[in-house]
Amino acid sequence: MTPPSTRPPRAATVLQRHWLLKSEPTVYSIDDLERDGSTGWEGVRNYQARNTMRDEMKEGDLVLFYHTNATPPAVAGLARVTGVVTPDPTQFDPKSELFDPKSRKDDPRWLMCHIAFLEKFATPVPLERLKGDAALAEMPLLQKGQRLSVQPVSAAHFAIVLEHAGRRPS
DNA sequence: GCCAACGTTGGC
DNA sequence: GCCAACGTTGGC
């Protein structure tokens, strides 16, 4: 017989997850986010990334802001998820490169998460440095062929990246 | 610019 | 449902 637990049930509200969002800095950089304070993450056109934003990212989650197609590619700073997903307006704009004629306003195909600026790293963490840390070998970003623009990051990997950035894990 | 890896599309 | 063709990603 299992005695009744004396512990409270694990509360989903205490779970804070960590993510990595990729952006080309020539399109939208950590400096742009610092200037804007917060932003809707427009432009995701991959179903897996969309589903992650829709189903898994929660307010208060922490985000590594990664500069892709940059010199060098690097984790550039930190952001925080601020709320639920909303339709990505660019899918309905015929003048946008991201226009999707198959998406309907009453059933939007593409969604965007919302993030707020937390900090720009004084010391960005280059991809090469991440690759050089054996403790990060399993990080999704470093897997061969990976190219998701929205990725999960484990709490352990997140803390290690912060250390590389010269930050004390909080 | 190259190209490996992956995702999407569409004919059948 | 298969799969070839095509488009995109993104480091180098």
Side-chain angles (χ1 to χ4, degrees), chain A residues 17-36 39-57 61-79 81 85-115 117-154 156-167:
Chain A
R17 298 187 64 185
H18 305 83
W19 308 98
L20 181 144
L21 298 187
K22 291 181 187 174
S23 185
E24 300 191 29
T26 57
V27 176
Y28 197 85
S29 70
I30 190 72
D31 295 309
D32 294 322
L33 183 62
E34 181 169 25
R35 177 198 63 213
D36 296 343
T39 195
W41 201 250
E42 293 178 350
V44 173
R45 293 295 184 270
N46 170 282
Y47 288 104
Q48 187 176 345
R50 179 204 67 184
N51 294 347
T52 297
M53 292 193 296
R54 183 190 62 197
D55 302 333
E56 301 192 65
M57 291 178 75
D61 286 355
L62 296 178
V63 171
L64 297 175
F65 195 110
Y66 180 79
H67 282 170
T68 191
N69 264 319
T71 309
V75 181
L78 287 182
V81 177
V85 288
T86 57
D88 181 341
T90 61
Q91 71 195 302
F92 301 123
D93 177 3
K95 294 192 289 280
S96 170
E97 287 186 0
L98 295 162
F99 177 62
D100 183 348
K102 294 185 193 166
S103 184
R104 296 169 17 177
K105 286 216 166 172
D106 58 357
D107 185 20
R109 178 177 296 190
W110 304 114
L111 304 170
M112 60 182 189
C113 64
H114 296 262
I115 62 171
F117 176 82
L118 284 180
E119 69 174 84
K120 176 183 177 180
F121 287 155
T123 309
V125 187
L127 177 61
E128 185 160 14
R129 181 144 185 209
L130 301 177
K131 287 180 173 175
D133 187 337
L136 296 176
E138 305 299 319
M139 192 177 180
L141 180 72
L142 305 183
Q143 304 314 301
K144 183 174 183 176
Q146 76 71 33
R147 53 185 218 190
L148 274 178
S149 61
V150 178
Q151 304 185 359
V153 178
S154 74
H157 290 162
F158 185 86
I160 293 168
V161 173
L162 287 194
E163 288 182 15
H164 280 294
R167 292 277 274 80

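Not measured: the values here are computed from a predicted model. The sequence lines fix the lettering, A, B, ..., with proteins before strands; numbering per chain opens at 1.
- For the atom pair OH of Tyr66(A) and CG of Leu130(A), the computed distance is 7.5 Å after rounding to the nearest 0.5 Å.
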Per-nt protein contacts along nucleotides 2-9 of chain B (heavy atom under 4.0 Å; B base, S backbone sugar-phosphate only, - none) come out as ---BBSS-
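- For the side-chain hydrogen bond (donor to acceptor under 3.5 Å, both in side chains) with Thr90(A), the lone residue among Lys95(A), Arg45(A), Glu42(A), Glu97(A) that qualifies is Arg45(A).
- Asp100(A) pairs by the salt bridge (charged side-chain N to carboxylate O under 4.0 Å, His left out) definition with Arg109(A), not counting sequence neighbours.
- For Phe65(A), the ring-ring contact (aromatic ring centres under 6.0 Å, His included) partners are Trp41(A), His67(A), not counting sequence neighbours.
- The neighbour count for Gln143(A) CD, taken as heavy atoms of other residues, nucleotides or ligands under 6.0 Å away, is above 12.
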